Structure formats: structure tokens, C-alpha cells
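Contents: one structure, followed by commentary.
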Amino acid sequence: MSCKQICITLAAVCSVLLVIVLVRTFTLVPRKDAVIACKTADSDFIKLTDQIVKRFQRALQIKTISFKRGEYNRDQLLLLSSHLEKSFPLVHSSPLVKLDIIANYSRLYTITGSNTSLTPYLLAAHLDVVPAIPEEWEFPPFEAQIKDEYIYARGAIDFKQGIMGILEALEYLLSKGFKPNRSFYIAFGHDEEVTGVDGARAVGQELQARGLKKLEFLLDEGLAVLNGFIPGIQKTVALIGIGEKGFLTLKLHVKGEAGHSSMPLKETAIGILAKAVVKIEDNPLPSMLGYGPEKEMLEHLAHEMPLAARIIMSNLWLFGPLVFSQKPATNAIIRTVTSVTMFNGGVKTNVLPSDATAYINHRIHPAQSIQEIIDYDRAIINDDRVKLSVEDSMVAASGSPSGENDFGYQIISNSIRQIWTNATTAPGMMIGNTDTKHYKDFTNNIYRFSPTVMFPGDEKRFHGVNERISKQNFEQAINFYYHIIVNSDRSTLSISHKHSDEL
């Protein structure tokens with residue numbers, strides 16, 4: 001082939017690529033239904049009264065702390081259950097609602113609909129919270145004090161606003177004579193913070209024992225309403241988690257020779273293990289950008305970005321390798337990440353260590369398997385003296401559908417946009433874990449979204465210090481769940497909820 005022919009061929013290829021890139025750039029726009037905004041003046045808007053705030057504060061004051069698997073505040077869980085039953089009399093007395101206490105502390109509500117041909121859905125949340133060190137907080141973590149319209153308390157955003165928001169919405173609906181067409185479940189696990197093996201798992205087993213075969217969709221806690229987190233996007237972005245990272249904890253062990261420090265060996269167990277750990281840290285796993293939920297996220301957001309970024313994000317098949325960041329939050333989205341979390345060796349300052357151990361925690365990208373990560377670590381370490389063993393693991397959750405005709409995703413997306421009217425929604429990936437793993441046999445349509453508004457820096461409040469939620473945000477959470485219940489009662493996708501004449 002002559003140089004002229006090569007040039008002509010290359011020009012033709014470039015022209016085709018350019019056309020494809022431009023077509024995708026200007027046509028890749030996600031479904032965006034016309035929705036009617038939720039306004040405080042609407043007759044069915046649930047206003048945040050002092051009574052609602054006090055109910056929420058009381059729930060936050062109850063110390064339902066989970067410490068480790070099987071170790072949680074049982075008396076406080078019972079106290080919270082009592083508070084819920086007193087706070088929501090219609091929920092707990094309606095003939096449409098059946099409550100079952102599962103594994104002593106978890107709560108499963110069954111709300112019976114009139115149309116048995118419609119597949120039920122499930123709203124999930126958890127009763128427990130992580131520990132808090134009072135001395136580190138601006139206000140005591142279990143007093144639920146209010147300052148500048150913010151309620152400060154452990155559980156304010158993880159995840160008692162979900163529990164109280166769901167029940168406030170259902171109580172309001174029942175007070176208006178709501179009789180659902182579609183049946184649904186509400187499940188509150190009691191030990192989500194320590195993997196949910198006692199609570200949500202038992203709820204899942206109960207549903208299976210009842211003969212439940214399928215859920216239309218499942219909504220649990222997850223990603224949030226973000227302001228100022230994504231460069232180049234001026235709008236509020238609400239991310240709906242469609243996937244969830246797995247995890248793998250590996251124990252690295254080296255058996256060494258004991259002896260006196262006055263006669264050191266060439267290499268000690270600690271030295272051998274230290275070299276292995278350095279190799280692991282110096283060789284991160286490769287980027288998996290474009291092979292998991294992050295691809296859908298970037299493509300859904302592309303139309304809101306400046307032109308250059310829009311071109312790249314709309315065509316990850318071509319420009320994917322250019323999208324990379326060293327920031328921990330972004331890095332955690334695009335690859336399996338590695339953290340050395342524990343290192344132990346030696347018993348005395350003048351004694352050579354007989355063995356040394358280290359623990360590596362991986363958060364696994366959905367495009368990779370547990371075995372792949374084990375094989376990668378073993379190859380990187382490349383030293384048979386370092387023995388690897390699995391301490392704990394969980395397979396990553398692959399992405400749930402987020403297309404134009406996927407009922408659960410679109411109902412959640414539309415409900416979000418009714419509350420946060422300037423928000424653009426997009427699928428995303430959870431880098432932590434939730435109770436959803438215990439319900440995966442019932443549906444592939446698993447979504448993770450928390451109706452929580454976050455600004456840069458607020459992410460540190462999750463499991464951190466000075467966890468808080470604004471009163472306005474809690475009001476939004478209640479009305480979000482109201483819309484979820486009303487919109488999900490439809491048999492098919494359509495324009496969302498019209499206020500006032502819905503009930």
C-alpha cells in the first residue's frame with residue numbers, strides 16, 4: 001500500500017471516528033420525564049412540624065450502637081421499637097399494615113395492595129448506628145441538639161432519617177385514606193453496621209419462607225444529593241447507587257527464625273513482610289474505568305458538562321484512558337483499592353521476631369473477582385515465604401439496570417427531581433456496603449440512595465464527627481419517601497405524581 005493510500009485510509013478512519021464521537025456527544029442524553037415540582041404550598045406537602053422534629057430527635061437520642069457482629073445495644077433497640085410504635089399509631093394499627101419482628105429486633109412491615117398482579121417493592125433502612133466518641137464532637141452525639149437549623153446526632157444521616165422519613169410518609173398517607181394498588185415491604189435491619197448477618201439476613205430468609213419470588217425493585221440507603229462535588233457541573237447531582245463494591249481481607253504471614261538481636265539474620269520476618277507490603281502499595285490494581293457502574297454515571301452526566309469534557313465522557317470507549325485521578329474518592333470509583341490496615345510482629349526489643357503478620361483490605365470493583373485480586377497480590381509479592389490466607393470476603397454487586405424503561409430506577413430518579421428540582425440524576429457506585437446483599441435473590445433492580453444533601457467536607461461526617469442533617473433536609477427526606485410510595489403505586493412508568501388530586 002502506497003503512502004497516499006495509507007493517508008486516504010487514515011483520513012477515512014478519522015472521519016468515521018469523528019462522526020461517531022460527535023453523534024454520541026450530542027445525542028447521549030438520559031431520559032428525563034416531565035415532573036411536577038413538590039412545593040411547600042401544595043395541599044399534600046408534608047410540613048415539618050415541631051412534633052415531627054421531636055419524634056426524630058427522640059429516635060436519634062436512643063443509642064442503638066452496633067460494636068461488632070453479634071454485639072449491639074439490645075435494650076436500646078427495644079426502646080427504639082417502642083418509640084416507633086408510639087410515634088406512628090396509624091402505621092401500627094392499620095389493617096393494611098402487618099408488622100413482624102424478625103430476629104428479636106429487626107422490623108418487617110407488609111403493606112397490602114389491592115392489585116395482586118403488580119410485583120411488590122421494598123424500602124429498606126437500618127436501626128443501628130456506629131459508635132461515637134463524645135469528646136470529639138461539638139455537641140454530645142446522642143442529644144440531638146439543634147444549632148443553626150441543623151440537628152447534630154449520630155444516625156442523623158446514617159440512617160435514622162431514612163427510618164423516620166419512611167414512617168412519617170406512610171403515617172401521613174394512611175391519615176389521608178391511602179389504599180395502595182401495589183403491595184410493598186418496609187424492612188429495618190438492626191445490625192447493618194456490622195454486616196447485617198443477624199437482622200437483614202433473617203428478614204430475607206423470612207421473605208423467602210413466605211414464598212416471595214420477586215421484587216419489582218429495592219431501595220436502600222446509598223449515594224446522596226451532591227453540591228459542588230463534580231468539577232464542571234453547576235447543577236446539583238443526585239447519584240443513585242446501582243452497584244456496590246465487594247471486599248476482601250487477606251492475612252499475610254511470614255514465619256521467621258527467632259533469636260537474639262545481637263546476632264541478626266540477613267532478613268527477619270518483619271523485613272520480609274515489609275517488602276511485601278511495599279510491593280502491594282507501590283503497585284495499585286489497574287483502572288477498571290468503563291467496565292462498571294462508573295461508565296453509566298459519567299455518560300448520564302456528560303450532557304451537563306462543558307463541551308470538551310462532554311465529548312470525552314460521551315465517548316469513554318475511545319477516551320477512557322484519559323479519565324484518571326489520583327484523588328482518593330475518584331480513585332475508589334475506578335478501581336479495586338488496597339489498604340494495609342494492620343501490621344504485627346515481634347515481642348521484645350532485643351528478640352528477633354519468629355513471625356509477622358499484616359492485613360490487607362481490598363474494596364473490589366464490580367468488574368473483578370475475588371480470585372483475581374488474590375492472584376494479583378500473590379504475583380506482585382512474588383515471594384513464597386509470604387503466605388496469603390482469606391480472612392473475609394464478599395463478591396461485588398454488579399450494576400442494576402438504569403435504562404429509560406427500568407421502572408425502579410426511573411421512579412427513584414423522578415421522585416428525586418420532584419424534591420430537588422434543579423438536580424440532575426445519574427447512576428453511581430457505592431464504595432461501601434449495605435444490607436442490600438441480603439435481598440439480592442429477589443431482584444436485580446437494587447438501588448442505593450439516601451435523601452441527604454451534601455456539600456464538600458460533609459462526606460467526613462459519615463461515621464465521623466459532628467454528623468448532622470438540616471431540618472429542611474429532613475423535611476425533604478419525608479417528602480421524598482412520600483413521592484416514592486405514591487409514584488411506585490403506578491402500574492407503568494408515566495409522568496410523575498400530580499399534587500392535591502392524587503389521593
Side-chain angles (χ1 to χ4, degrees), residues 100 102 106-111 113 118-127 158-159 162-163 165-167 169-170 180 182-192 195-197 199-224 238-246 293 296 366 394-403 405-416 425 427-430 432-451 477 480-481 483-490 493:
D100 291 285
I102 308 296
S106 290
R107 304 174 71 83
L108 174 62
Y109 297 86
T110 304
I111 298 87
L118 297 178
T119 306
Y121 63 97
L122 188 150
L123 303 178
H126 62 88
L127 301 161
D158 186 18
F159 187 57
I163 294 168
I166 291 169
L167 292 180
L170 182 55
R182 187 188 298 271
S183 297
F184 63 101
Y185 300 96
I186 298 171
F188 297 152
H190 69 266
D191 63 336
E192 188 274 345
T195 73
V197 292
R201 183 167 68 176
V203 174
Q205 291 169 344
E206 171 65 20
L207 291 172
Q208 197 168 45
R210 292 185 186 183
L212 179 67
K213 302 296 183 185
K214 184 180 179 182
L215 291 169
E216 182 64 47
F217 70 92
L218 164 66
L219 173 62
D220 198 358
E221 65 172 333
L223 300 175
L239 295 179
I240 303 167
I242 63 169
E244 188 171 301
K245 278 194 162 186
E296 284 82 359
M394 187 184 80
V395 176
S398 57
S400 297
S402 57
N405 298 309
D406 292 308
F407 183 86
Y409 180 85
Q410 293 299 335
I411 288 294
I412 296 165
S413 175
N414 288 343
S415 299
I416 290 169
T425 59
M429 179 169 63
M430 284 283 290
N433 300 119
T434 66
D435 271 342
T436 56
K437 56 185 173 289
H438 300 298
Y439 305 115
K440 59 183 176 61
D441 292 339
F442 299 112
T443 182
N444 293 322
N445 306 320
I446 296 176
Y447 304 103
R448 306 157 184 88
F449 174 76
S450 296
F480 165 75
Y481 286 115
H483 285 260
I484 285 287
I485 295 171
V486 170
N487 293 337
S488 298
D489 209 41
R490 304 175 184 278
L493 287 173

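All values derive from a computational prediction rather than experimental measurement.
With Tyr185 as the aromatic partner, Arg210 does not meet the cation-pi criteria of under 6.0 angstrom to the ring centre and within 45 degrees of the ring axis.
To the nearest 0.5 Å, the span separating CD on Glu221 from CG on Asp435 amounts to 7.5 Å. In this structure, Lys440 NZ and Lys437 NZ are separated by 10.5 Å, a value rounded to the nearest 0.5 Å. Rounded to the nearest 0.5 Å, atoms OH (Tyr109) and CG (Leu170) are 9.0 Å apart. To the nearest 0.5 Å, atoms OG (Ser400) and CD1 (Ile240) are separated by 11.0 Å. Separating the CD1 atom in Ile446 from the CG atom in Leu122 is a distance of 10.0 Å, to the nearest 0.5 Å. Remark: Lys213 NZ to Thr443 OG1 distance equals 15.0 Å, nearest 0.5 Å.
With a 4.5 Å cut-off on side-chain heavy atoms, Ile485 and Leu123 count as touching. Side-chain contact between Met430 and Leu223 is present, with heavy atoms from C-beta onward closer than 4.5 Å. You'll find the side chain of Val203 reaches within 4.5 Å of the side chain of Tyr439, heavy atoms only. Counting heavy atoms from C-beta outward, Asn445 and Leu215 have side chains that stay 4.5 Å or more apart. The shortest distance between side-chain heavy atoms of Phe184 and Ile484 does not fall below 4.5 Å. Looking only at side-chain heavy atoms (C-beta outward), Leu108 and Leu207 come within less than 4.5 Å of each other. Put simply, the side chain of Pro120 reaches to within 4.5 Å of the side chain of Leu212, judged on heavy atoms. Counting heavy atoms from C-beta outward, Ser183 and Thr110 have side chains that stay 4.5 Å or more apart.
A distance-only check finds no donor-acceptor pair linking the side chain of Glu244 to the backbone of Pro366 [under 3.5 Å].
Ring geometry, Tyr121 versus Phe217: the interplanar angle falls under 30°, so the pair is classed parallel (tilted spans 30 to 60°).
Residues Tyr447 and Gly408 approach most closely at CE1-C, 3.9 Å, considering heavy atoms. Heavy-atom minimum distance, Pro180 versus Ile111: CG-CG2, 3.8 Å. Between Gly189 and Ser106, the shortest heavy-atom contact is CA-OG, 3.4 Å. The minimum heavy-atom distance between Gly243 and Pro293, with the atom names listed, is CA-CG, 4.0 Å. For the residue pair Pro451 and Tyr481, the shortest heavy atom distance occurs at CD-OH, 3.5 Å. When all heavy atoms of Leu239 and Phe449 are compared, the closest pair comes out as O-CD1, 3.3 Å.
Asp158 and His126 share a side-chain donor-acceptor pair at under 3.5 Å. Asn487 and Ser415 share a donor-acceptor pair across their side chains, judged by distance under 3.5 Å alone.
Screening Thr436, Thr434, Asp220 for a side chain to side chain contact (heavy atoms under 4.5 Å, CB included) with Glu192, the sole residue that qualifies is Thr434.
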Derivation of the side chain to side chain contact (heavy atoms under 4.5 Å, CB included) call for Phe188 and Leu167
CA-CA 11 Å; Phe188 297 152; Leu167 292 180; 3.8 Å; yes

